[in-house]
Amino acid sequence: MEALAAALGERALPVRMFGAALPADALCEAVRRTGPRAVVLWAQSRTTADAAPARAVAGIEWGLRGARGHSALLLAGPGWGAGAAAQPTRTERLFGLRSGLAVIESVVALRAPAPGNAAGRAAPAACGS
């Protein structure tokens with residue numbers, strides 16, 4: 001995750017990264033408030049590949065009524081591999097740093113600009129946990 005965040009930073013794409021101890025409801029609220037274009041969830045093992053928070057994040061819509069958007073949910077790490085919990089709808093699997101960067105760059109390029117936050121700063125291109 002740190003390498004992905006650094007590589008996105010080199011490309012001038014804003015990133016907000018959270019740690020593994022972040023509760024699922026706090027992650028959902030952060031996504032709702034900031035409206036990132038992509039959310040990357042890392043699972044190191046099958047036991048940490050929890051589909052419930054992934055489904056919750058995938059279902060979040062943000063923005064004004066009539067112009068709501070949603071974040072692309074990107075699953076990364078070996079925990080999401082074969083035998084892991086079923087992948088929620090509206091998700092994509094990342095298989096490495098290079099392909100992950102390509103996917104995030106394409107998501108950012110395809111989507112309309114996300115709304116700024118209260119301080120006028122741009123919403124992050126990606127949030128990760």
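Predicted model, so just to flag it, every value in this text is computed and none were measured. We number each residue from 1, following the sequence as shown.
Residues meeting the side-chain contact (heavy atoms from CB on, under 4.5 Å) test with Ala26, sequence neighbours left out: Leu22, Pro23. The side-chain contact (heavy atoms from CB on, under 4.5 Å) test applied to Glu29 returns Arg32, Arg33, not counting sequence neighbours. Under the side-chain contact (heavy atoms from CB on, under 4.5 Å) criterion, Ser45 pairs with Thr47, Thr48, not counting sequence neighbours. For Ala5, the side-chain contact (heavy atoms from CB on, under 4.5 Å) partners at least two apart in sequence or on another chain are Val15, Met17.
Remark: side-chain polar atoms of Arg37 are not paired, donor with acceptor, to backbone N or O of His70 under 3.5 angstrom.
Scanning both residues, Trp80 and Trp42, for their nearest heavy atoms gives NE1-C, 4.0 Å. Annotation for Leu73 and Ala58: closest pair CD2-CB, 3.9 Å, computed over non-hydrogen atoms. Residues Phe18 and Ala30 come closest through the heavy atom pair CZ-CB, 3.8 Å. Across Ala56 and Cys28, no two heavy atoms sit closer than the pair CB-SG, 3.7 Å.
Partner of Val39 under the side-chain contact (heavy atoms from CB on, under 4.5 Å) criterion, out of Ile60, Val57, Leu75: Val57 alone. Only one option out of Leu4, Ile104, Leu41 pairs with Leu74 in a side-chain contact (heavy atoms from CB on, under 4.5 Å); it is Ile104.
Put simply, the side chain of Leu101 reaches to within 4.5 Å of the side chain of Arg11, judged on heavy atoms. Taking the side chain as every heavy atom from C-beta outward, Arg55 and Thr91 never approach each other to under 4.5 Å. Within the 4.5 Å cutoff, the side chain of Pro36 has no heavy atoms near those of the Arg16 side chain.
Linking Ile, Leu, Val, Met, Phe, Trp and Tyr whenever their side-chain heavy atoms come within less than 4.5 Å puts Leu97 and Met1 in one cluster.
Using modelled atom types, one finds no donor on one side chain facing an acceptor on the other under 3.5 Å when comparing Thr34 with Trp62.
Within the structure, the salt bridge (Lys or Arg N to Asp or Glu O under 4.0 Å) test picks out no pair touching residues 68-80 (sequence neighbours left out).
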